[in-house]
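Notes follow the structure.
All values derive from a computational prediction rather than experimental measurement. Residue indices begin at 1 and follow the sequence shown.
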Amino acid sequence: MKKLLFTLLLAVAVQPSWALIQENGVYKISTAQDLVDFATLVNGGTGNANAVLTTDIDMTGITSWTPIGQDGKD
C-alpha cells in the first residue's frame, strides 16, 4: 500500500496537470492526455488498474507516448 501511495504521489508530482477521473475503482479515459496519464500510472508500477474509454481517442499532437505494459509481461 505504501509503494502504491508513493507511486501515485510521485506521478502527481511529475504530472501537475493530472486529471484522471476515477469512479468505483475505474479510471475514465476520454482524452489523449488521460491515456498518457493512465499509461504513466500503470507503467510506474500500478500494474493492476482498471480503465474504460469513454470516447474515441485522437493521439494527434502527442509527441511522447509509451505504450501501456511491458513486452513479455502478462
Side-chain angles (χ1 to χ4, degrees):
M1 182 66 172
K2 288 182 182 180
K3 181 179 178 184
L4 173 62
L5 181 58
F6 175 75
T7 301
L8 290 174
L9 290 174
L10 180 61
V12 171
V14 172
Q15 299 277 343
S17 63
W18 194 266
L20 280 177
I21 296 172
Q22 186 181 33
E23 291 181 12
N24 299 319
V26 178
Y27 290 97
K28 292 186 170 191
I29 299 175
S30 60
T31 67
Q33 187 60 52
D34 288 346
L35 186 56
V36 169
D37 291 345
F38 184 73
T40 301
L41 178 76
V42 172
N43 293 334
T46 308
N48 196 16
N50 296 308
V52 63
L53 292 177
T54 61
T55 188
D56 291 339
I57 304 294
D58 181 357
M59 297 297 282
T60 302
I62 300 297
T63 58
S64 178
W65 167 246
T66 302
I68 297 170
Q70 299 174 8
D71 188 28
K73 301 273 184 173
D74 290 335

Assigning hydrophobic clusters by single linkage (Ile, Leu, Val, Met, Phe, Trp, Tyr; side-chain heavy-atom cutoff under 4.5 Å), is [X] placed with [Y]?
X   : Y   : result
V42 : V52 : no
V26 : L53 : no
L41 : I62 : yes

Donor-acceptor contact below 3.5 Å, side chain D58 vs main chain A32:
no

Begin from the C-alpha positions of Q22 and K28 and carry the test side-chain contact (heavy atoms from CB on, under 4.5 Å) through to its verdict.
CA-CA 6 Å; Q22 186 181 33; K28 292 186 170 191; over 6 Å; no

Might you work through the side-chain contact (heavy atoms from CB on, under 4.5 Å) test for Y27 and N50, ending with a clear yes or no?
CA-CA 6 Å; Y27 290 97; N50 296 308; over 6 Å; no

Quick check: do W65 and L35 have side-chain heavy atoms less than 4.5 Å from each other?
yes

Hey, could you give me the CG/OG1 distance between L20 and T40, rounded to the nearest 0.5 Å?
9.0 Å

If the test is side chain to side chain contact (heavy atoms under 4.5 Å, CB included), which one of I21, I57, T54 qualifies with I29?
I57

